[in-house]
Structures are given as C-alpha cells and as structure tokens.
Chemist: 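I have a structure I would like to understand better, so I am pasting it below and will then ask my questions one at a time.
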Amino acid sequence: MTKRYGVVIFAGLCLGLFVKLFCIDMLTVSGSSMIPTLTDGENVVVNKLAYGLVKPFGNSFFIQWSEPKSGHLVVFLHDNKMVVKRCAAISGERLDFSSDNDYNLILGGKRIHLSVEQYEKMSQFSEVPDGYCLVLGDNSLQSVDSRDYGFVSKKNITGKIIGK
C-alpha cells in the first residue's frame with residue numbers, strides 16, 4: 001500500500017513538473033515598466049503553449065504554431081531574466097517617427113517619446129523587420145524595452161500572459 005502512494009506521489013510530481021516546464025507558469029512582476037496594466041509584485045499566469053512547444057530552460061521552441069500579435073502581453077528572456085512587455089508592433093508593421101520639437105515613435109496614432117539615442121537607433125527602420133516584434137512597457141517613462149535593446153525575435157517569445 002505504501003508503494004502505491006509513492007508511485008502516485010511520484011506521478012503527480014512528474015505531471016506538475018511537465019505542466020510547469022511546457023504548459024503554464026506563474027511569474028511575479030518586478031518593477032514598474034508595465035504600470036497600470038501590471039504592478040510590481042503582482043503574480044501573473046503565463047501560457048507557454050500560446051505560440052508553440054517551448055524548450056525548457058531556454059528561449060526557443062521545439063515547434064512553433066502561432067506568433068504574437070500586436071497588443072499581446074508577452075514573456076521572453078532578456079539578460080537572463082524573464083521579461084513581460086506588450087507586443088506593440090509585429091513584422092511588417094509600419095514605424096513612423098517625428099523629430100519636430102521632440103523625438104517620437106508614432107504607432108497607431110499614439111506618440112511614444114524617444115531619447116535622442118533611441119531615435120537614432122530606431123529611426124533607421126521604416127517597419128518592424130521580418131521575424132521580430134517591437135515590445136514596449138505600458139509605463140514608457142519607466143520601461144527599458146525595444147527602444148533600448150532593439151527588436152525581439154519572435155522565436156524568443158516563449159509565452160503569453162493570460163491572467164493575474
């Protein structure tokens with residue numbers, strides 16, 4: 001009888017590990033880059049199967065069946081940290097810039113402020129390159145995002161936020 005309990009417990013642990021590695025994960029938001037959508041210390045649920053079957057402990061897929069869309073809250077690995085940002089534009093979407101009185105990226109009629117360095121780096125692109133996403137924090141004044149480190153490969157986006 002004890003052996004049976006051991007097998008059930010072992011099977012449960014294996015199933016739990018499988019679910020965490022490949023299907024669903026919980027993350028705690030760190031920082032203020034996604035305010036007001038997500039706040040510092042908030043727990044979120046990540047659907048790791050939203051875009052494909054993720055390789056555990058990495059930032060790529062065994063197989064990919066979907067891609068992020070504009071507006072999705074996505075998770076990806078950057079500087080060895082899991083990062084949550086909003087996918088603001090996807091491959092082929094037009095990027096407009098203005099430098100009249102201020103440096104801005106214009107997406108869907110919305111102006112996003114850029115520093116001079118960010119403007120110089122980004123304004124060379126008229127659209128999001130093929131296979132990449134432009135990711136931005138909802139709190140643009142406090143966010144380090146694609147304006148700073150460039151476009152994120154769609155292959156590196158390993159999940160989608162599905163709940164808080």
Side-chain angles (χ1 to χ4, degrees), residues 21-25 27-38 40 42 44-164:
L21 289 175
F22 296 104
C23 303
I24 295 177
D25 201 0
L27 292 177
T28 302
V29 175
S30 176
S32 59
S33 71
M34 290 303 294
I35 289 175
T37 308
L38 302 172
D40 187 36
E42 187 172 358
V44 293
V45 179
V46 180
N47 177 359
K48 289 184 165 186
L49 292 173
Y51 307 119
L53 186 59
V54 176
K55 290 182 181 177
F57 311 113
N59 60 343
S60 61
F61 294 93
F62 286 118
I63 185 169
Q64 190 171 5
W65 47 70
S66 181
E67 293 185 343
K69 305 279 186 261
S70 293
H72 286 183
L73 292 179
V74 297
V75 176
F76 57 95
L77 191 64
H78 177 71
D79 282 346
N80 293 319
K81 294 179 188 172
M82 294 308 290
V83 178
V84 177
K85 299 290 180 198
R86 185 170 306 278
C87 181
I90 59 172
S91 300
E93 286 191 41
R94 184 162 173 71
L95 301 176
D96 293 312
F97 298 91
S98 76
S99 62
D100 41 0
N101 294 333
D102 219 353
Y103 296 101
N104 292 293
L105 165 63
I106 303 165
L107 283 175
K110 181 180 175 187
R111 292 180 174 270
I112 301 159
H113 179 71
L114 302 173
S115 69
V116 174
E117 296 83 16
Q118 292 168 336
Y119 179 83
E120 288 173 356
K121 183 189 305 182
M122 293 197 70
S123 63
Q124 61 186 318
F125 296 95
S126 60
E127 64 181 34
V128 178
D130 190 38
Y132 289 86
C133 292
L134 174 75
V135 296
L136 300 172
D138 288 354
N139 182 1
S140 63
L141 296 176
Q142 299 292 316
S143 182
V144 176
D145 48 37
S146 283
R147 295 171 295 172
D148 302 295
Y149 49 73
F151 300 102
V152 174
S153 172
K154 289 180 183 179
K155 292 179 181 179
N156 292 343
I157 296 176
T158 58
K160 176 183 173 187
I161 302 297
I162 57 172
K164 302 184 204 185

Chemist: Within the side chain of Trp65, is there an N or O that forms a donor-acceptor pair under 3.5 Å with the backbone of Leu49?
Modeler: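 Judged by distance alone, yes, a pair lies under 3.5 Å.
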
Chemist: Report all side-chain donor-acceptor pairs from residues 75-85 shorter than 3.5 Å, counting only partners two or more places apart or in another chain.
Modeler:
unit_1 : atom_1 : unit_2 : atom_2 : d
Lys85  : NZ     : Ser33  : OG     : 2.9
Lys85  : NZ     : Ser143 : OG     : 3.1
Lys85  : NZ     : Val144 : O      : 3.2

Chemist: With the side chain counted from C-beta on, respond yes when Met122 and Leu134 share a heavy-atom pair under 4.5 Å apart, and no when they do not.
Modeler: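 When only atoms from C-beta onward are counted, Leu134 and Met122 do touch, with a gap below 4.5 Å.
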
Chemist: Tell me, please, which residues at least two apart from Asp25 pass salt bridge (Lys or Arg N to Asp or Glu O under 4.0 Å).
Modeler: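 Here the qualifying residues are Lys20, Lys48.
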
Chemist: Could you give me the CA-CA distance, side-chain angles and deciding distance for Leu73 and Ile162, then say whether side chain to side chain contact (heavy atoms under 4.5 Å, CB included) is met?
Modeler: CA-CA 8 Å; Leu73 292 179; Ile162 57 172; over 6 Å; no

Chemist: Mind checking what makes side-chain contact (heavy atoms from CB on, under 4.5 Å) contact with Gln142, not counting sequence neighbours?
Modeler: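 Here the qualifying residues are Ser32, Asn139.
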
Chemist: Please name all residues satisfying side-chain contact (heavy atoms from CB on, under 4.5 Å) with Leu21, sequence neighbours left out, ordered by chain then number.
Modeler: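 Once residues adjacent in sequence are excluded, the partners of Leu21 under the side-chain contact (heavy atoms from CB on, under 4.5 Å) criterion are Leu17, Pro56, Phe57.
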
Chemist: Would you give the length of the straight line joining atom CG of Leu95 to atom OG of Ser146, rounded to the nearest 0.5 angstrom?
Modeler: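 The distance works out to 10.0 Å.
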
Chemist: Check Met34 against Gly137 and note the closest heavy-atom contact, atom names and distance.
Modeler: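 Heavy atoms of Met34 and Gly137 come nearest at SD-CA, 3.6 Å.
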
Chemist: Check Pro68 against Ile157 and note the closest heavy-atom contact, atom names and distance.
Modeler: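 Reported closest heavy-atom pair: CG-CD1, 3.7 Å.
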
Chemist: With sequence neighbours excluded, what pairs up with Phe62 under the ring-ring contact (aromatic ring centres under 6.0 Å, His included) test?
Modeler: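 Applying ring-ring contact (aromatic ring centres under 6.0 Å, His included) to Phe62 gives none.
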
Chemist: Hey, could you give me each pair passing ring-ring contact (aromatic ring centres under 6.0 Å, His included) that has a residue in residues 123-142? Not counting sequence neighbours.
Modeler: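 Applying ring-ring contact (aromatic ring centres under 6.0 Å, His included) to every pair that reaches into residues 123-142, excluding sequence neighbours, yields Phe125-Phe151.
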
Chemist: Any heavy-atom pair between the side chains of Glu120 and Ser115 that's under 4.5 Å?
Modeler: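 No, every pair of side-chain atoms sits at 4.5 Å or beyond.
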
Chemist: Using every non-hydrogen atom in the two residues, find where Asp40 and Ser30 come nearest and quote the distance to one decimal.
Modeler: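 Shortest heavy-atom contact: OD1-CA, 3.4 Å.
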
Chemist: Should Ile35 and Asp138 be marked as a side chain to side chain contact (heavy atoms under 4.5 Å, CB included) after you check the CA-CA gap, both sets of side-chain angles, and the distance that decides it?
Modeler: CA-CA 6 Å; Ile35 289 175; Asp138 288 354; over 6 Å; no

Chemist: Identify, with sequence neighbours excluded, every residue that meets salt bridge (Lys or Arg N to Asp or Glu O under 4.0 Å) alongside Arg111.
Modeler: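 Per chain and number, Arg111 pairs via salt bridge (Lys or Arg N to Asp or Glu O under 4.0 Å) with no residue.
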
Chemist: Answer yes or no: are there more than 12 heavy-atom neighbours, outside Asp130 itself, under 6.0 Å from its atom CG?
Modeler: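 12 or below, so no.
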
Chemist: Quick one: closest heavy-atom pair of Cys133 and Cys87, and the distance?
Modeler: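 In terms of heavy atoms, the two residues are closest at SG-SG, 3.6 Å.
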
Chemist: Sequence neighbours excluded, which residues qualify as salt bridge (Lys or Arg N to Asp or Glu O under 4.0 Å) partners of Asp148?
Modeler: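 Checked Asp148 against salt bridge (Lys or Arg N to Asp or Glu O under 4.0 Å); zero matches.
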
Chemist: Which heavy atom of Leu136 sits nearest to which heavy atom of Asp145, and what is that distance?
Modeler: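 Nearest heavy atoms, Leu136 then Asp145: CA-OD2, 3.5 Å.
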
Chemist: Step by step, would you call Phe97 with Leu114 a side chain to side chain contact (heavy atoms under 4.5 Å, CB included)?
Modeler: CA-CA 10 Å; Phe97 298 91; Leu114 302 173; 4.0 Å; yes

Chemist: Using side chain to side chain donor-acceptor pair (under 3.5 Å) as the criterion, list what pairs up with Asn104, not counting sequence neighbours.
Modeler: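 In terms of side chain to side chain donor-acceptor pair (under 3.5 Å), with neighbours along the sequence ignored, Asn104 is linked to no residue.
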
Chemist: Less than 4.5 Å apart, any side-chain heavy atom of Ile161 and any of Val45?
Modeler: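 Side-chain contact under 4.5 Å: no.
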
Chemist: Hey, are the side chains of Tyr103 and Val116 touching, using non-hydrogen atoms and a 4.5 Å cut-off?
Modeler: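 Yes, at least one pair of side-chain atoms sits under 4.5 Å.
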
Chemist: Atom NZ in Lys121, atom OH in Tyr149: separation rounded to 0.5 Å?
Modeler: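 Atom-to-atom, Lys121:NZ and Tyr149:OH are 10.5 Å apart.
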
Chemist: Glu127: what forms a side-chain contact (heavy atoms from CB on, under 4.5 Å) with it, not counting sequence neighbours?
Modeler: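 Partners of Glu127 by the side-chain contact (heavy atoms from CB on, under 4.5 Å) criterion come out as none, since no residue qualifies.
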
Chemist: Examine distances only and state if a side-chain atom of Arg147 and a backbone atom of Ser140 form a donor-acceptor pair shorter than 3.5 Å.
Modeler: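 Side chain of Arg147 to backbone of Ser140: a pair is present.
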
Chemist: Compare all side-chain heavy atoms of Phe61 with those of Lys55 and state whether any distance is below 4.5 angstrom.
Modeler: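 Not touching, per the 4.5 Å side-chain cut-off.
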
Chemist: Return the set of residues passing side chain to side chain donor-acceptor pair (under 3.5 Å) with Thr28 (not counting sequence neighbours), or none when no residue passes.
Modeler: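 Counting only residues at least two positions away or on another chain, Thr28 forms a side chain to side chain donor-acceptor pair (under 3.5 Å) with Asn43.
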
Chemist: Is there a donor-acceptor contact under 3.5 Å linking the side chains of Tyr119 and His113?
Modeler: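 Per modelled atom types, Tyr119 and His113 side chains form no pair under 3.5 Å.
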
Chemist: Which heavy atom of Leu107 sits nearest a heavy atom of Ala88, and at what distance?
Modeler: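 Heavy atoms of Leu107 and Ala88 come nearest at CD1-CB, 3.9 Å.
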
Chemist: Could you work out, with side-chain contact (heavy atoms from CB on, under 4.5 Å) as the rule, every residue matching Lys155, not counting sequence neighbours?
Modeler: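 With sequence neighbours excluded, Lys155 shows a side-chain contact (heavy atoms from CB on, under 4.5 Å) to Gln64, Ser153, given in chain and number order.
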
Chemist: When you compare the side chain of Val135 with that of Val74, does any pair of heavy atoms fall below 4.5 Å?
Modeler: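 Yes - at least one pair of side-chain heavy atoms lies under 4.5 Å apart.
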
Chemist: Does the side chain of Ile106 come within less than 4.5 Å of Ser98's, by heavy atoms?
Modeler: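 Side-chain contact under 4.5 Å: yes.
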
